[in-house]
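Report on one structure; see the data block that follows.
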Amino acid sequence: MDYEKFKEAVFKMTTIDLSAYKEAQMKRRINTLITKHRINGYEDFVNALRTVEEFVNYLTINVSEFYRNPDQWELMDKTFIPELIGKFGKNLKIWSAACSTGDEPYSLVMALSRHIPLNQIKIIATDIDKQVIASAKTGLYAEKSLAGVPKDLRDKYFTKVGNSYQISNEIKSRVEFREHNLLKDRYDTGYHFIVCRNVLIYFTEEAKDEIFGRFAQSLCDGGIFFIGSTEQIMNHRKYGYERRNSFYYEKKNELLQ
């Protein structure tokens, strides 16, 4: 079985389209997994897959941390959250896409808590991987993941449990986790703020083009899209985005007219 046939088999099993990922990076990850399990090639690997969840968990990139790139979170705190509240009020509709182990949506809740009462905060957090969603719901993190969390928030919302840190139920209760495939599933609309960081770098240019456009359609006029420090949106105006900062884009419907 060659790689093209392998991709077809994986799509039938998982509905994950490996063609949307950069081929060299994805083949390295898959070949590593084949070697680890001492399997003889793609065909035997497909036959040997024990669970879809195990395979999805390995293919997806689950590197995350709280307040990743703290200067960008400070800009959010000082500029974009107050701006969004000024435009739309305190009942903001927010999506943390490809949320991995929950560090990002929980960071969003903590950041918003400086401006909005906790009981008015709700984050929709999505990921393709069932296992990382389960981990996110548990809310137990290594100390190094918390390095960027402001001390007052760390002291208030985390409890040391052995060598790990448990995030409080106050924060956990403000996040609704859902399974979602960015390439296949429907996108909800009317969001005021969408965060999707350090994930799309693994996709092909064609897949990124589709996803950036779909995020734009999900944002309401005046909404903000926050991307990762390793990413950029080429030709952002074609989607209706105005670049506000290296990593923050505002949706402006008039740019599409």
Side-chain angles (χ1 to χ4, degrees), residues 63-127 136 139 141 145-158 167-168 170-177 188 190-201 211-212 215-216 218-233 236 239-252:
V63 178
S64 189
E65 62 192 59
F66 288 87
Y67 279 76
R68 190 173 183 178
N69 311 117
D71 55 331
Q72 295 302 319
W73 288 84
E74 183 176 357
L75 183 62
M76 181 196 299
D77 178 52
K78 297 290 194 296
T79 300
F80 291 107
I81 292 176
E83 185 178 297
L84 288 168
I85 292 171
K87 287 180 184 176
F88 305 113
K90 292 186 176 182
N91 291 317
L92 296 172
K93 186 174 182 181
I94 300 172
W95 179 14
S96 174
C99 68
S100 188
T101 52
D103 314 47
E104 185 173 271
Y106 292 144
S107 295
L108 283 167
V109 175
M110 289 188 286
L112 287 160
S113 74
R114 296 191 187 278
H115 304 266
I116 302 172
L118 273 175
N119 64 5
Q120 289 183 247
I121 298 171
K122 181 181 178 182
I123 310 292
I124 302 299
T126 65
D127 202 276
Y141 299 93
S145 297
L146 277 62
V149 179
K151 186 178 184 306
D152 64 315
L153 297 176
R154 179 172 173 163
D155 291 345
K156 186 174 183 179
Y157 293 121
F158 289 90
I167 196 163
S168 75
E170 288 179 276
I171 300 298
K172 287 168 64 176
S173 67
R174 309 324 303 168
V175 180
E176 180 185 336
F177 290 98
D188 199 3
Y191 285 105
H192 303 117
F193 192 29
I194 295 176
V195 181
C196 185
R197 309 184 69 226
N198 306 307
V199 173
L200 298 185
I201 54 171
I211 292 169
F212 284 141
F215 278 140
S218 289
L219 279 169
C220 62
D221 192 27
I224 297 291
F225 182 32
F226 180 25
I227 64 172
S229 60
T230 55
E231 297 161 333
Q232 57 181 319
I233 304 178
H236 54 271
Y239 308 108
Y241 293 129
E242 179 182 82
R243 188 172 179 269
R244 295 285 305 277
N245 166 272
S246 297
F247 313 112
Y248 285 93
Y249 293 80
E250 181 178 350
K251 169 70 178 302
K252 290 201 168 181

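Just so you know, these numbers use all the heavy atoms, side chains as well, and skip hydrogens, waters and symmetry mates.
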Under 4.5 Å between any side-chain heavy atoms of [X] and [Y], yes or no?
| X | Y | result |
| --- | --- | --- |
| Gln72 | Asn245 | yes |
| Asn198 | Ser229 | yes |
| Leu108 | Trp73 | yes |
| Phe215 | Cys196 | yes |
| Phe80 | Arg244 | yes |
| Met110 | Ile171 | yes |
| Lys251 | Cys220 | no |

For the student: nearest non-hydrogen atoms of [X] and [Y], plus distance:
| X | Y | value |
| --- | --- | --- |
| Ile81 | Asp77 | CD1-CA, 4.4 Å |
| Asp221 | Lys252 | OD1-CA, 3.4 Å |
| Ala136 | Ser100 | CB-O, 4.1 Å |
| Tyr141 | Thr101 | OH-O, 2.6 Å |
| Arg154 | Val149 | N-CG1, 3.6 Å |

Let me confirm one number: the [atom1]-[atom2] distance from [X] to [Y], rounded to the nearest 0.5 Å.
| X | Y | atom1 | atom2 | value |
| --- | --- | --- | --- | --- |
| Glu176 | Ile124 | CD | CD1 | 4.0 Å |
| Ile227 | Ile233 | CD1 | CD1 | 4.5 Å |
| Arg174 | Ile116 | CZ | CD1 | 11.0 Å |
| Tyr249 | Glu242 | OH | CD | 11.5 Å |

Quick check on the 6.0 Å ring-centre criterion: do Phe66 and Phe158 meet it?
yes
Would you say the rings of Phe247 and Phe226 are close, in the sense that their centroids are separated by under 6.0 Å?
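No, too far apart.
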Within the distance-only criterion (no hydrogens, no angle test), does the side chain of Tyr241 pair as donor or acceptor with the backbone N or O of Phe212 below 3.5 angstrom?
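Yes, Tyr241 side chain to Phe212 backbone: donor-acceptor pair under 3.5 Å.
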When you look at Ser113 and Tyr157, which way does the side chain to side chain contact (heavy atoms under 4.5 Å, CB included) test go after all the steps?
CA-CA 11 Å; Ser113 74; Tyr157 293 121; 4.1 Å; yes
Do we see a donor-acceptor contact under 3.5 Å between the side chains of Trp95 and Thr126?
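Yes, a side-chain donor-acceptor pair sits under 3.5 Å.
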Using a distance-only test with no angle check, is there a side-chain donor-acceptor pair under 3.5 angstrom linking Ser145 and Glu65?
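Glu65 and Ser145 do not have a side-chain donor-acceptor pair below 3.5 Å.
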Tell me, please, which residues at least two apart from Lys78 pass salt bridge (Lys or Arg N to Asp or Glu O under 4.0 Å).
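Partners of Lys78 under the salt bridge (Lys or Arg N to Asp or Glu O under 4.0 Å) test: none.
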Salt bridge (Lys or Arg N to Asp or Glu O under 4.0 Å) against Lys87, all qualifying residues, sequence neighbours excluded
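Lys87: salt bridge (Lys or Arg N to Asp or Glu O under 4.0 Å) contacts with Glu83, Glu250.
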Using a strict cut-off of less than 4.0 Å between a Lys/Arg side-chain nitrogen and an Asp/Glu carboxylate oxygen, indicate whether Asp103 and Arg197 qualify as a salt bridge.
no
Heavy-atom count around Gln232 CD within 6.0 Å, excluding the residue itself: above 12?
no
